[in-house]
Amino acid sequence: MTYVTSPHSGDTPGDFGRDLLSNLYYQRGTTLESASAQDTYHSLALTVRNRLVDRYIRTAAAHYRANPRFIYYLSAEYMLGKQLDQNLLYSGTEDSAHRALEGLGLSSSDLDALDVEPGLGNGGLGRLAACLLDAMASQDIPAVGYGIRYDFGIFKQAFQDGGQVERPDDWTFYGNPWEFHASDDQQTVGFYGHVEPLDGVRKSWVPGEVVLGEPSHMLVPGYGTSTVNIIRLWRARAARESFDLSRFGAGQYGEAVEEIVRSENISKVLYPDDSTELGRELRLKQQHFLVTCALRDIVRRFRLRNSDWDDFAGKVVIQLNDTHPVMAIAELMRMLVDEEGLEWDRAWSITRRVFAYTCHTLLPEALETWPVALVQRLLPRHMEIIFLINHLFLQEVAARYPGDDAKLRELSIIQEGGEQRVRMAHLAVVGSSAVNGVAELHSRLLAATTLRGFAELWPGRFHNVTNGVSPRRFVRLANPRLSGLISERLGGQAWLTDLDRLVELEPAADDSAFRERWREIKRLNREDLARHALAATGVAIDPDALCDVMIKRFHEYKRQLLRVLHVVAQYHRIRRDQVVDVVPRTIVFGGKAAPGYYAAKRIMRLANTVADLVNEDPVVSPYLKMVFLPDYNVSRAQLIIPAADLSEQISLAGKEASGTSNMKLALNGALTIGTLDGANVEIRDRVGADNFFLFGLDTTEVAAVRERGYDPRAYYDRDAELREVLDTVAHYDKDIVDDLLHRDEYLTLADYRAYVDCQDQVARAWRDREGWTRTSILNTARSGFFSSDRTVRDYCRDIWHVTPLRIDG
């Protein structure tokens, strides 16, 4: 492979300023004097991007020469965060860019405000995917991420009368300067149609509808290395002949573009509402569209240097991030058997060795299934393949468990009884070489409960890979003040790629001068948050108050409702005692609820209602404030996390797979109040039990409560404070209280008293500011394990079996 070095690679402010003006002139067609803010921002982004392109070309050349094993990461979502600040850091041009902009009379902060988060993700699943791509590049792992280039992200969140209002996230309205389009490298994706026999198990699928997948890619640079990988995103396009000119000429304008609209709807929005039959069909279309485009591109890349299919599993690992891309198993089998003519057993051996599957849930209702009738209609050949995979698999099960029909029903890929459904998690386990959970507790429960039968059948296939987060994004970029103090103490920034070095901060916890500087940084960060909260909500918060944070997707099992109940309890305590020895506290909420998840949206409305109650009370508000910051995303996280003193991780034990906000907050010195759930267990083990506020039932106790018959009403009857709280809540939303008293699926009332008492411990600890600061420092010092770099190393060692390929220069 030949390549040339970019002329746009100088490191001085003069070089940077010259190249910025060149992009302004030749890419935007304007001058500095007449440029709009968007002109200048795009020119700045291109100037930074060009400095990464040279590294990307050298990376591609090295990969071509070495022909290594690649990791292909398939995910329905990515929460990449803003790209400008990250790429300035990773390209080593932060200082030069800021000085060049200053010399040109331009404001760095004004231009940074124009940088838009790519609307490719929603929550922890997408953020984990972004952190892992970052870590793979930073550790020189050959990798490509695959996803969908959604025209609109999940949604922009606003509040109206306390309730969530969803607005379109048109994140590419002004274009996206960070991506490269490849309109001439399209893939063809089929739907519907019929199947014709060929020979043996080979069939010919004749689709009834065809759409095109148009790729673009964004650069994924590594930190402290020359490696630059890519994330390849696919946008649905109609075939060229789809526009009906005759109908348009007849004035039937809507009908003329009907096929174009139907095709392009596939990549229109992340997670279309699946409460209708059409919505479910569109979601399945999205999933098939993603995996077909990705697999064809993976095969194209494989064939650049290889031709023998027996080498495929040695060059390709495909990591399935949850069940959304699992249809890739059936699609690869179709390609190998029907298109490439491989025998079934050979194709199945290749397929199982290629795929690995990450399961992100323990909730049975969250394990994706699809109606067989829908799959048959939309993907008829794939349904035949799934049926055959299941038939052969059940023969294997029957041989292992003779006469055990219950075991066959338990493990079958096809769920029987009532409507037949395809169990995608079962297909993922059967069709892969490795299955992993994302925290020690989650992986243990996954093998013991959710996927128990498979773990008994293939114990060696199950692994744990605890999640991690990027210290570059969530410490260096999010918390530059703290990052600077850590680098000063540790003698440089090597800890950003070796987070275990944070343990060297432990002696500083006993240094009073260091503790004072740590506290001052926390206060400055809280001042930043207070300014944002005032602008976003109109609520003035005290930067000296304890900053108590709960930032995560709204879901009943995460128990934001429990947090709200404690706020109501504190409200009554302050009013009743007329302020006696109260610890001032600011409660910060952030998070979105799925548009169709009405129970979660009801809790969200209640949270805003309680916030109004607290904030508008002249007796209570000087000591207790509550703000719900709208439109939570990576940028909001980067603002909230550095300011946090207390991290709320209060899900019912056994429900949270891992969590990553708990890791980000601990890394930034927040103390955790939490249950023994998800990665909380590992955080507590590492930071020390004395530095973690533990409450609530553990998984064994949860099971015992359910087994003996849970009566939530009994907790209401015997706890006067809880009764007062729920009676207050009933005044605003009686349905929520009725649900708690008669169902309470997530044992909120069972854990209420332990939670409130633990919050009293938090208040007592906060009064000892030196002791609190010491514990805060130890939380950071002992959280090095939770780096996404370590997560990737675990994947490489236990599942992917790949080694780094260092890029020269």
Side-chain angles (χ1 to χ4, degrees), residues 123-124 361-363 365-366 439 441-442 445 548-570 587-594 597-611 626 628 632 646-662 665 672-681 683-684 692-699 701-703 705-706 710 712 715-716 719 721-722 725-726 729 733 735-759 762:
T361 188
L362 291 169
L363 305 177
E365 67 271 19
L441 175 64
H442 173 246
L445 292 174
D548 181 338
V549 166
M550 191 168 192
I551 44 175
K552 51 184 75 245
R553 178 170 53 90
F554 258 67
H555 196 292
E556 290 170 284
Y557 84 79
K558 294 177 185 289
R559 299 202 297 193
Q560 284 94 347
L561 179 56
L562 180 58
R563 186 73 205 89
V564 173
L565 297 184
H566 175 250
V567 173
V568 176
Q570 288 297 99
I587 314 299
V588 179
F589 272 108
K592 298 177 180 179
Y597 192 176
Y598 298 110
K601 293 173 79 170
R602 223 172 41 233
I603 295 168
M604 187 178 290
R605 183 185 294 274
L606 176 65
N608 279 313
T609 301
V610 170
M626 182 170 165
F628 198 137
Y632 181 69
L646 186 68
S647 166
E648 299 276 350
Q649 308 297 331
I650 61 177
S651 53
L652 177 64
K655 296 299 182 182
E656 184 73 83
S658 169
T660 53
S661 69
N662 47 8
L665 287 156
T672 305
I673 180 170
T675 54
L676 289 177
D677 196 27
N680 291 354
V681 177
I683 290 175
R684 183 171 181 263
F692 186 105
F693 297 103
L694 176 66
F695 79 94
L697 304 169
D698 63 22
T699 54
E701 292 165 335
V702 167
V705 167
R706 295 194 190 281
Y710 176 50
Y715 293 88
Y716 172 88
D719 189 324
E721 184 179 59
L722 174 59
V725 167
L726 291 183
V729 171
D733 194 323
D735 289 342
I736 286 179
V737 175
D738 285 345
D739 184 74
L740 283 174
L741 293 178
H742 297 102
R743 190 173 65 95
D744 192 16
E745 181 179 353
Y746 300 106
L747 306 191
T748 301
L749 301 191
D751 271 347
Y752 170 82
R753 177 48 53 193
Y755 178 59
V756 170
D757 292 347
C758 194
Q759 288 286 9
V762 169

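Taking a cutoff of 4.0 Å between a charged side-chain nitrogen and a carboxylate oxygen, Asp719 and Arg753 qualify as a salt bridge.
Asn662 contributes no side-chain N or O that, together with a main-chain N or O of Ser647, makes up a donor-acceptor pair within less than 3.5 Å. Under the 3.5 Å distance criterion, the side-chain polar atoms of Ser658 are left unmatched by any main-chain donor or acceptor of Ala439. Side chain of Tyr710 to backbone of Ala750: a donor-acceptor contact under 3.5 angstrom is found.
Using a 4.5 Å heavy-atom cutoff, the side chains of Asn680 and Phe692 are in contact. With contacts defined as side-chain heavy-atom distances shorter than 4.5 Å, the pair Leu676/Leu441 does not qualify. The shortest side-chain heavy-atom distance between Tyr755 and Glu648 falls under the 4.5 Å cut-off. Side-chain contact between Asp751 and Arg559 is present, with at least one heavy-atom pair separated by less than 4.5 Å. Using a 4.5 Å cut-off on side-chain heavy atoms (C-beta onward), Asp733 and Arg605 make no contact. Taking the side chain as every heavy atom from C-beta outward, Asp548 and Gln759 approach each other to under 4.5 Å. A heavy-atom distance below 4.5 Å is not found between the side chains of Val568 and Leu726. Side-chain contact check for Asp744 versus Tyr715: every heavy-atom pair is 4.5 Å or farther apart.
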Derivation and outcome, side chain to side chain contact (heavy atoms under 4.5 Å, CB included), residues Asp698 and Glu701: CA-CA 5 Å; Asp698 63 22; Glu701 292 165 335; 3.2 Å; yes

Would you sort out whether Ser661 and Met550 count as a side chain to side chain contact (heavy atoms under 4.5 Å, CB included), showing the intermediate values? CA-CA 9 Å; Ser661 69; Met550 191 168 192; over 6 Å; no

Kindly determine whether Leu561 and Tyr746 satisfy side chain to side chain contact (heavy atoms under 4.5 Å, CB included), including the steps that lead there. CA-CA 10 Å; Leu561 179 56; Tyr746 300 106; over 6 Å; no

Arg684 vs Thr672, side chain to side chain contact (heavy atoms under 4.5 Å, CB included): CA-CA, chis, key distance, verdict: CA-CA 8 Å; Arg684 183 171 181 263; Thr672 305; over 6 Å; no

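Here the CG-CG distance, from Leu740 to Leu747, works out to 11.0 Å after rounding to the nearest 0.5 Å. In this structure, Asp757 CG and Tyr752 OH are separated by 9.0 Å, a value rounded to the nearest 0.5 Å. For the atom pair Leu606 CG and Asp735 CG, the distance stands at 11.5 Å (nearest 0.5 Å). The CD atom of Glu656 sits 9.5 Å away from atom NE2 of His555, with the distance rounded to the nearest 0.5 Å. Interatomic distance, Thr699 OG1 to Leu652 CG, rounded to the nearest 0.5 Å: 9.5 Å. Atoms CZ and CG, on Arg743 and Asp738 in that order, are 11.5 Å from each other to the nearest 0.5 Å.
The two residues Ile650 and Arg563 come nearest to each other via the heavy atoms CD1-N, 3.9 Å. When all heavy atoms are compared, the tightest approach of Ala593 to Met604 is N-CE, 3.6 Å. When all heavy atoms are compared, the tightest approach of Phe628 to Ala607 is CD1-CB, 4.2 Å. Nearest heavy atoms, Lys592 versus Tyr632: CE-O, 3.6 Å.
Note on ring orientation: taking the six-membered ring where Trp is involved, the planes of Phe589 and Phe554 are tilted (angle from 30° to 60°).
A side chain to side chain contact (heavy atoms under 4.5 Å, CB included) with His442 is found for exactly one of Asp677, Leu362, Thr361, Val681, namely Leu362.
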